[in-house]
> 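What follows is a single structure, and I will ask about it in a moment.
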Amino acid sequence: MTATTLFGLCGAALVGLGLFGVVVHPQPLRKILAFNLLGGGVFLLFGAIARRGAAAGMGADPVPQAMVITGIVVAFSATALAVALVLRLFEATGGASLNSDPPRTEPAAGPDG
Amino acid sequence: MSALGNFAGGFVTVVAVTAGAFFFLAGTAGLLRFPDPLTRLHALTKADNLGLGLIVLGLLPRATGWLDGLKLIAVWLLAQLVGATVTQIIARVARRDGGTA
Amino acid sequence: MTVGFAFDAGLAVLVLGVAVWTIAARAAFAAVVGFVTFGLLLALVWVRLAAVDVALTEAAIGSGVTGAVLIGAAARLRPTEAASAAERPGAAMRLAAGALSVLVALALAALVLFPPDPAPTLAPQAALHLAALDVGNPVTAVLLAYRAVDTLLEKVVLLLALLGVWSLAPDRFWGGAAVPAVRPDSGGALVFLARVLPPVGIVVGVYILWVGAIAPGGAFQGGAILAAMWILSMMTGLTGAPEIGRLPLRLLLVAGPAAFLLVGLAGFAVADGFLSYPAAIAKSLIIAIEAALTLSIAVILGLLVAGPPSREPRHRDAGHRPAGHGEAGR
Amino acid sequence: MAEFLLIAAGFVLAMVALGLARVLRGPTDADRIMAAQLLGSGGIAALLLLASATGVSSAIDVALTLALLAAFAAAAFVRATARPESGDDGRAGGQ
């Protein structure tokens, strides 16, 4: 097994792990974290593909690398937006539940902006 | 560089990097064994300052140009500055919270 | 088994271990710290995969700036953790989610283990025109020449995300500034660092941008470092967050994409079409676009971290934004 | 020599991993934030060793970036922990 395969497998495992976290964690912040892990796994898969495509004197295929760089930046902006949404939810309702009918949080959902 | 210089450089590298790695070992031992956040912080600074500093010192003879050498030193200086600040502000929080979560 | 492979195997195990911790940790704050260390380790992995450009991006954005956002959020959301814990899905649901995740991971692992045999690669094509562009770093060439339209659209995505964050502000704060949490007790040490570090950071950021033409680096990485310095100074209250209604700020935000777009449209006139550069000045154009992009990226990233405005604009009529009267519509 | 440097990088990383396992578990958040700091310096050391061992000198730039941003986690931590327990005035006397 080569190091490239190894990191590719690591990426596959990260995708599974992140997916599990996204589904199972009730807290939105934990979902965001898990989603970022999932993204990291996808990026690693790209990295393994890029490394396999080493040719023409380059250590790795530059096209997947460029895609990953773009992806990291976009993932960050999505994370920042998601975090801002959660914080706004917290400000407005005093909680951070994604549950559509909160079973036993404070029913004081009236006077907010 | 002469063969003698090469040998001397290699010698410096091996000794300094080994010593640096030792301080990372010492720092980890401290983290594992010390009883409270402030003492663990103390252990952490050993890895920060001495470990990284010695490793940079060891790598300097192998730098491939003056710019690389300069960057190595810059990394160490930055790590010193940031490490000193960070440990101080963590220590303040640890003391304020009085060791409780 | 070589030393190199042993190192890589250890690194992979460490990455997975930290990832498991991020998912499994009980407290959200512990999970976030786990995620920050995950980002740091990924930077090492990227170096091992011969993708130093990506390593730089990961170190600056993936770990540094994202970490700042998440740590702040985890501390503020701490009061909600107990309530959310009660919403944990049942055992059957978790089992199903686990099975799905394992299935997906196995399918991806199969792809990794049985890849197409002559590995598909665009490296030779990328190398073909490098000399004509006079750009030594193939990744920069892909980002700003071969697939420049992707990069342009990505800038638009960043702007849209920023608009999304801003739109979360209550109406009366529209056009105002995010209030930096100035904490006198955050200590003289941090303020000292926020004074000393930015000059160094600006030099490094510009260097990373400049060197991106011939070696790993470029607009994203340089911009992220510049943004980080600005954020540090906002965090300590040395500089206030800007009011988002200000025209100069808005111009700065669109400077990068606008420069990109102008050069792209000029391509119709002087070269072969949209976003194609005349060969003689390709390198100068790329560096000019990158410089404008770097500034825009730095400002956008900084504002994304600062969050939505939470203070009324100081000169309400100077804002002259119709959106400022949104409350009247309610 | 390259092998020696690679082994050293692996050793540093292993030490950091051990320390990480300890501080991530807490008990206090100050302990946990130490994990970021520890991996910051350990990661920088490992990167520099890797750069020298494999001749990829641009990895030094990655280390430089990490060193610049190493304070970020701790700064965000200090700023954030000051917020929930004290309002705007609670801690002002502590200066």
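Within every chain, numbering begins at 1; the chains are lettered A, B, ... in the order of the sequence lines, protein sequences first and strands thereafter.
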> Could you state the interatomic distance from CZ (B:R62) to CG (D:L49), rounded to the nearest 0.5 Å?
9.5 Å

> Mind ranking B:L81, B:L67, B:V75, B:D36 by heavy-atom pairs under 4.5 Å with chain D and telling me who comes out on top?
B:V75

> What's the separation between atom CG in B:L78 and atom OG1 in D:T65, rounded to the nearest 0.5 Å?
10.0 Å

> CD/D:Q37 to CD1/B:I90 distance, rounded to the nearest 0.5 angstrom?
6.0 Å

> On a heavy-atom basis, which atom in D:A70 and which in B:V82 lie closest, and how many Å separate them?
CB-CG1, 3.8 Å

> Tell me, side chain or backbone of B:L44 under 4.5 Å from chain D's heavy atoms, or both, or neither?
side chain

> Just give me the residue among D:G40, D:A74, D:G55 that pairs up with chain B most often, heavy atom to heavy atom, under 4.5 Å.
D:A74

> Can you name the closest pair of heavy atoms from B:V86 and D:A71 and give their distance?
CG2-CA, 3.7 Å

> What is the distance from atom CZ of B:R40 to atom CG of D:L38, rounded to the nearest 0.5 Å?
12.5 Å

> Could you report the tightest heavy-atom contact between D:S41 and B:L52, atom names first, then the distance?
O-CD1, 4.2 Å

> Measure distances from B:L32 to the heavy atoms of chain D and classify the residue's part below 4.5 Å as side chain, backbone, both or neither.
both

> With the side chain counted from C-beta on, respond yes when B:V14 and D:M1 share a heavy-atom pair under 4.5 Å apart, and no when they do not.
yes

> Look at B:L72, B:T85, B:T45, B:L77 and state which one has the largest set of heavy-atom pairs under 4.5 Å with chain D.
B:L72

> At what distance, to the nearest 0.5 angstrom, does CD1 of D:I33 lie from CG of B:L41?
11.5 Å

> Hey, what do you get for CG (D:L18) to CG (B:L31), rounding to the nearest 0.5 Å?
10.0 Å

> Between side-chain atoms of residues 3-17 of chain D and protein atoms elsewhere (two or more places apart, or another chain), which donor-acceptor pairs fall under 3.5 Å?
none

> On a heavy-atom basis, which atom in D:A67 and which in B:A79 lie closest, and how many Å separate them?
CB-N, 4.5 Å

